[in-house]
Engineer: 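The following block contains the structure, expressed as structure tokens.
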Amino acid sequence: QVQVVESGGGLVQPGESLRLSCAASGSISSVYNMAWYRQAPEKQRELVARVTSGGTITYADSVKGRFTISRDNAKNTAILQMNSLKPEDTAVYYCAIYVVAFQRTYWGQGTQVTVSS
């Protein structure tokens, strides 16, 4: 029913920026949370940023002041603007859509972000 597609990953040097996009499509209600998670090799998946249907935003401490999450409800999209990237930001980044009415989370396939000099 719901498809989630991420884009925008790539290889950058420390201090540079990337902009990740997430697009949701299919049968989806208007009440949903959107979030970005990341998973580095041999590490657990962690929440990076979340914006709820009501606009409440949460960031991981490690990205506060550097990353910004935003959403466009009309387009069912979420953006993660990542500035001042660090090597420890290297991971596969996943977009997650939590549809409140369905009490279910839909995941994208992930997009690789590599920060290396």
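Counting from 1, the numbers follow the sequence of the chain as shown. This structure is a prediction, so every number in the text was calculated from the model and none was measured.
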Engineer: For Glu16, check salt bridge (Lys or Arg N to Asp or Glu O under 4.0 Å) against everything at least two apart and list the hits.
Structural biologist: none

Engineer: List the residues meeting side chain to side chain contact (heavy atoms under 4.5 Å, CB included) with Ala23, not counting sequence neighbours, and say none if there are none.
Structural biologist: Thr77

Engineer: Is it true that a side-chain atom of Thr90 and a backbone atom of Val115 form a donor plus acceptor pair closer than 3.5 Å?
Structural biologist: yes

Engineer: Determine which pairs satisfy salt bridge (Lys or Arg N to Asp or Glu O under 4.0 Å) with at least one residue from residues 108-117, sequence neighbours left out, and list them in order.
Structural biologist: none

Engineer: So Cys22 and Ile97, do their side chains get closer than 4.5 Å, heavy atoms only?
Structural biologist: yes

Engineer: Please set out all donor-acceptor pairs under 3.5 angstrom arising from side-chain atoms of residues 4-13, sequence neighbours excluded.
Structural biologist:
from	atom 1	to	atom 2	distance (Å)
Glu6	OE1	Gln109	N	3.0
Glu6	OE1	Gly110	N	2.9
Glu6	OE2	Cys95	N	2.7
Glu6	OE2	Gly110	N	3.2

Engineer: I'd like to know whether CD of Glu88 has more than 12 heavy-atom contacts from other residues, nucleotides or ligands below 6.0 angstrom.
Structural biologist: yes

Engineer: Could you check whether any side-chain heavy atom of Arg50 comes within less than 4.5 Å of a side-chain heavy atom of Tyr98, counting everything from C-beta outward?
Structural biologist: no

Engineer: Grab the two heavy atoms, one from Ala49 and one from Tyr59, that are nearest each other, plus how far apart they are.
Structural biologist: CB-CD2, 3.6 Å

Engineer: For Arg45, which residues count as a side chain to side chain contact (heavy atoms under 4.5 Å, CB included) partner, sequence neighbours excluded?
Structural biologist: Tyr37, Gln39, Tyr94, Trp107

Engineer: Can you name the nearest heavy-atom pair linking Pro14 to Ser117, along with the distance?
Structural biologist: CD-N, 3.7 Å

Engineer: Are Met34 and Val2 linked, directly or through intermediate hydrophobic residues, by side-chain heavy-atom contacts shorter than 4.5 Å (ILVMFWY only)?
Structural biologist: yes

Engineer: Kindly list each side-chain donor-acceptor pair under 3.5 angstrom involving residues 62-74, sequence neighbours excluded, with atom names and distances?
Structural biologist:
from	atom 1	to	atom 2	distance (Å)
Ser62	OG	Arg38	NH2	3.3
Lys64	NZ	Asp61	OD1	3.0
Arg66	NH1	Ser84	O	3.0
Arg66	NH1	Asp89	OD2	2.7
Arg66	NH2	Ser62	O	2.8
Arg66	NH2	Asp89	OD1	3.0
Arg66	NH2	Asp89	OD2	3.4
Arg71	NE	Asn73	OD1	2.7
Arg71	NH1	Tyr32	O	3.0
Arg71	NH1	Val51	O	3.3
Arg71	NH1	Thr52	O	2.8
Arg71	NH2	Tyr32	O	3.0
Arg71	NH2	Asn73	OD1	3.1
Asp72	OD1	Ala74	N	3.1
Asp72	OD1	Lys75	N	3.3

Engineer: Indicate the atoms forming the closest heavy-atom contact of Thr105 with Ala96, along with that distance.
Structural biologist: CG2-CB, 3.9 Å

Engineer: Are Leu20 and Val113 packed together at the side-chain level, in the sense that at least one heavy-atom pair is separated by less than 4.5 angstrom?
Structural biologist: yes

